[in-house]
Amino acid sequence: MKIQPLNTWITQDNNPLIIAGPCGAESEEQILQTAKQLSEIESIKLFRAGIWKPRTRPNAFEGVGEEGLEWLTQVQKQYNLKTAVEVANAQHTELALKHGVDVLWIGARTTGNPFSVQEIADVVKGTNIPVFIKNPIHADVQLWLGAIERLSNAGITKIAAIHRGFHYAGKTKYRNKPMWELAIELKTILPELPIICDPSHISGNRELIPHVAQKALDLGMNGLMIESHINPSVALSDAQQQLTPSALKELLNALVYRQSVTQNPDCNDKLSQFRKMINEVDDELINVLKKRMNIIEQIGEYKKEHDLTIFQLERWQEILRTRIQWAEKLGIPRAHTEKICQLLHEESIRIQTELMNKK
Ligand code: PEP
Ligand code: MN
């Protein structure tokens, strides 16, 4: 897949791409005032605003429509900021192109619908306008990847993914559970794809945003998209999660920006030493795992011969309890041991099941 790095067309350096702007465009005044203040923050390179808002129920604020695109033209002219809007169908896309919007993004609800994504891809074909693709609402990396492929197949090369968290039915402090591992999985499949984190829609409230934004930078994400409104308390959508431009400035200043590589030879030496130590420990670990696996195979054969069940509840409970105790004595937290024991046990069951099914 041909993907142009962000620094060839928008950031000019290797700093993360910072995107900010209101959830929705509400009035010309709100847009221009917000853009003015955001344009004074040097690291912000792209101004976002929703013109068509996907809402859970009708009669909520559904965006101002085409009129808002004129305001974004003013933002480009008066404040020299590039602009981005969400498009959900062919008509939105045609209008955004007609009004000279710089970047399009596909929202989480749309990414999950291949018909809509294809409709958008058909309209942008031949333009090479930048398109950012948010993750789908549900935790499905293939669906996310599929949407990216549709844009790429239409000849778009300025592509980035936006990680905005996933719907989660269980208990969580987030509006959308980050499930960082899914963003990492996507990056592993497409290493050249920039991934931008959207801490606003992950958090759902202002308090969590700094923690999520920092975590994204710590993981080496390529940018942040953060909602900012001139007066969040009266925002017509996502009021809880928007920051004033000055609060955003403070947040951006407080974040620790990290490099994925360093030119400092001492630093690189030290890293090599640590990595050598890890390699040695992993070598030991793999030998121990091999020993464990041999025993699992013997137990499996034995259970098979004697018509015993693979899963033995009491033994499993005992393993979990004792390993947690042993590990805690060495200062290893319970959650860590629990996770690893669960993985080991799952694998043990899988290996024994394979054995039993063998003729
Ligand atoms: C938005 O960016 O305002 C938005 C609607 O986001 P999402 O598609 O991630 O829900
Ligand atoms: Mn929003």
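Just so you know, ligand 1 is whichever comes first in the structure, and atom 1 is the first atom listed for that ligand.
- I137 and V141 sit in two unconnected hydrophobic clusters of ILVMFWY residues. Membership requires side-chain heavy atoms under 4.5 Å apart, directly or through other members.
- For the Mn ion (ligand 2), protein N/O/S neighbours under 2.8 Å (waters excluded) are C23 SG, H201 NE2, E227 OE2, D238 OD2.
- Looking only at atom types and distance, the side chain of N294 has a donor-acceptor partner in the side chain of K290 under 3.5 Å away.
- Relative ring orientation between W9 and F132 is described as tilted, the plane-to-plane angle lying within the 30° to 60° band.
- Proximity of a side-chain donor or acceptor of Q30 to a complementary backbone N or O of E26 within less than 3.5 Å is detected.
- Within the structure, salt bridge (Lys or Arg N to Asp or Glu O under 4.0 Å) contacts touching residues 217-237 (residues at least two apart or in different chains) are R48-E227, D218-R258.
- Residue pairs meeting the ring pair (Phe, Tyr, Trp, His ring centres under 6.0 Å) criterion with at least one partner in residues 261-283, sequence neighbours excluded, are absent.
- Contacts of ligand 1 (protein heavy-atom distance under 4.0 Å) are C23, R48, K53, E86, W105, G107, A108, R109, K134, R164, H201, E227.
- The side-chain hydrogen bond (donor to acceptor under 3.5 Å, both in side chains) test with T83 singles out one residue from Q76, H99, Q74, and that residue is Q76.
- Interatomic distance, E207 CD to Q241 CD, rounded to the nearest 0.5 Å: 11.5 Å.
- Under the 3.5 Å distance criterion, the side-chain polar atoms of K187 are matched with a main-chain donor or acceptor of L193.
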